[in-house]
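Since the structure comes first, as structure tokens, the remarks are kept for the end.
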There are 2 protein chains.
Amino acid sequence: MLSFTEENYLKTLFQLTVESNEKVEAGTNEIAAHLGVKPASANDMLKKLKDKKLIHYEKYGKSTLTKEGRKYALEIVRKHRLWETFLYEKLEFSWDEVHEVAEQLEHIQSKKLIDKLDKFLNYPEVDPHGDAIPNAKGELEISQRKSLLEEEIGHACKMVGVKDNSAAFLQYVNSLGLSINQTIRIKAREEFDDLLEIEVNGKKNRVSPKFAENIIITCLECNRLRKK
Amino acid sequence: MLSFTEENYLKTLFQLTVESNEKVEAGTNEIAAHLGVKPASANDMLKKLKDKKLIHYEKYGKSTLTKEGRKYALEIVRKHRLWETFLYEKLEFSWDEVHEVAEQLEHIQSKKLIDKLDKFLNYPEVDPHGDAIPNAKGELEISQRKSLLEEEIGHACKMVGVKDNSAAFLQYVNSLGLSINQTIRIKAREEFDDLLEIEVNGKKNRVSPKFAENIIITCLECNRLRKK
DNA sequence: TATAATTGTTAGGCTAATCTAACAAATTTA
DNA sequence: TAAATTTGTTAGATTAGCCTAACAATTATA
Ligand SMILES: [Mn+2]
Ligand SMILES: [Mn+2]
Ligand SMILES: [Mn+2]
Ligand SMILES: [Mn+2]
């Protein structure tokens with residue numbers, strides 16, 4: 001059985017690779033920063049997890065999860081998101097309060113507990129943030145992606161990537177306050193010139209269809225409602 | 001904030017003293033045995049808890065909780081019993097499965113979580129084993145006690161002590177398979193001679209009114225129903 | 001009340017997870 | 001491509017919680 005700490009390292013690696021929209025492997029410093037520890041500490045643990053065959057790691061190289069490690073990571077993510085859903089739906093926690101408590105609850109060891117919780121919540125597909133919940137078999141339905149241009153008016157979505165990777169475009173994206181994981185709400189579409197009115201962090205802006213076509217998003221509303 | 005381990009020591013001391021029907025203070029070996037560690041380990045921790053002013057402890061003496069330590073212990077007991085109730089009432093866990101998981105859940109740190117859980121469960125007074133749940137202020141309603149003679153026919157109760165402490169009586173008690181914390185069910189009362197028919201661990205026996213008068217119990221049914 | 005048994009303490013070690021400080025490799029930049 | 005910067009590693013120390021083995025105090029028993 002894994003320790004609390006080992007579990008946190010696996011989950012971090014999962015987030016930084018499998019669930020990242022930027023990379024498929026993670027460096028030691030990055031992992032350390034994500035966990036709030038020093039690189040030296042992360043280095044020790046990476047060697048240990050490699051010995052346990054839970055991650056792929058080579059000296060001075062980047063790390064990824066093995067199949068086995070990924071299995072564990074998915075279990076933890078499943079628990080985390082089910083608990084968040086429980087807190088949100090049953091205990092009147094708000095959207096932004098659930099994560100912190102779920103960080104603790106995700107480490108409770110009991111297969112029965114988590115399966116019963118899943119049933120009690122009526123097998124939810126997504127957590128309160130719109131993120132997919134792995135099922136009991138460890139299968140994760142990756143949120144459907146599309147371009148910002150294809151998103152429905154009125155919906156909120158999350159930016160997960162770009163199609164155009166040119167510096168010019170990225171700078172443009174940046175200047176509008178947009179970045180990975182940023183929530184974007186589409187307010188309206190101008191009939192006259194097809195510009196989209198979007199809201200980011202409370203600030204409104206207008207973007208061209210060409211711009212929107214190059215922003216990759218997942219729709220929060222669609223994910224949330226997919227099977228409910 | 002207290003560590004997982006410190007919390008377990010405080011809870012153990014609470015169970016061995018405040019909630020015990022035999023003693024009001026506990027020895028080092030006893031504490032160690034209850035926690036499944038060696039006396040040397042318990043000794044280290046007792047000194048540490050004393051420094052933190054959570055327990056009264058003197059070299060070669062017995063230990064008890066300070067007011068502060070008792071406050072923490074009650075919080076943990078409250079969490080433990082609320083989680084047991086949740087598992088039993090909402091997640092279809094059985095009577096005997098709840099304890100193990102609650103041992104983990106009792107250490108989750110979130111005031112809001114436990115108060116919301118309390119509300120969600122509709123402020124239960126007792127856990128699935130009939131034990132009282134401390135309220136949010138840390139007040140514990142000690143289960144009402146009476147003699148076995150006063151118990152209602154058909155009810156199940158728990159033996160918590162004796163009135164007569166003579167060796168002869170205790171031996172008699174013992175020969176019937178009775179001991180502290182043992183569950184007793186009253187099957188019937190004979191009209192003819194007032195003998196009580198009891199069942200202990202599946203075995204039936206008959207006891208005199210004089211005998212029953214000297215056994216102190218708390219009624220599980222009454223505790224469970226007191227305010228529901 | 002002397003001896004035996006029980007109970008409690010200490011010293012010294014071990015492991016997991018962390019740190020700092022020094023260093024080495026890899027990558028970026030001029 | 002050489003120098004500067006970033007990234008990653010190592011050695012050695014620390015802390016919490018546990019252990020064993022030796023010992024000391026207390027309590028029970030003959
Ligand atoms: Mn979260
Ligand atoms: Mn965690
Ligand atoms: Mn319990
Ligand atoms: Mn516990």
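Below, each value reflects all heavy atoms present in this structure, side chains not excepted, and no hydrogens, waters or symmetry copies. Every chain is numbered from 1 and lettered A, B, ... according to where its sequence line falls, protein lines coming before strand lines.
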> Does A/E6 or A/A40 map to a spot on DNA chain C nearer the 5' end, using the closest nucleotide for each?
Replying inline: A/E6
> Does a nitrogen or oxygen in the side chain of B/K59 sit under 4.0 Å from OP1 or OP2 of C/dT10?
Replying inline: yes
>> Below the 4.0 Å mark, does D/dG17 have OP1 or OP2 next to a side-chain nitrogen or oxygen of B/S3?
In response: yes
>> I want to check one thing: is the phosphate of D/dT9, taken as OP1 and OP2, less than 4.0 Å away from some side-chain N or O of A/Y57?
In response: yes
> Between D/dC19, D/dT9, C/dG8, which nucleotide gets closest to the side-chain atoms of B/D44?
Replying inline: D/dC19
> If you check every side-chain atom of A/K62, which of D/dC19, C/dT18, D/dG8 has the closest atom?
Replying inline: D/dG8
> C/dA16 C1' sits how many Å from A/M45 CE, rounded?
Replying inline: 8 Å
> Of all the nucleotides listed (D/dT9, C/dT9, C/dC19), which has the minimum atom distance to the side chain of B/Y60?
Replying inline: C/dT9
>> Determine whether A/D131 and A/K158 satisfy the following criterion, salt bridge (charged side-chain N to carboxylate O under 4.0 Å, His left out), listing intermediate values before the conclusion.
In response: CA-CA 10 Å; A/D131 295 315; A/K158 188 168 77 177; 3.1 Å; yes
>> Using whole Å, what does the distance between atom C1' of nucleotide D/dG17 and atom CD1 of B/I31 come to?
In response: 16 Å
>> Are B/F86 and B/F93, when compared by the centres of their aromatic rings, separated by less than 6.0 Å?
In response: no
> Taking 4.0 angstrom as the limit, do A/E92 and B/K119 come out as a salt bridge?
Replying inline: yes
> So, B/Y9 versus B/F14, ring centres under 6.0 angstrom or not?
Replying inline: no
> Can you tell which of C/dG8, D/dT9, D/dC19 lies closest to the side chain of B/V37?
Replying inline: D/dC19
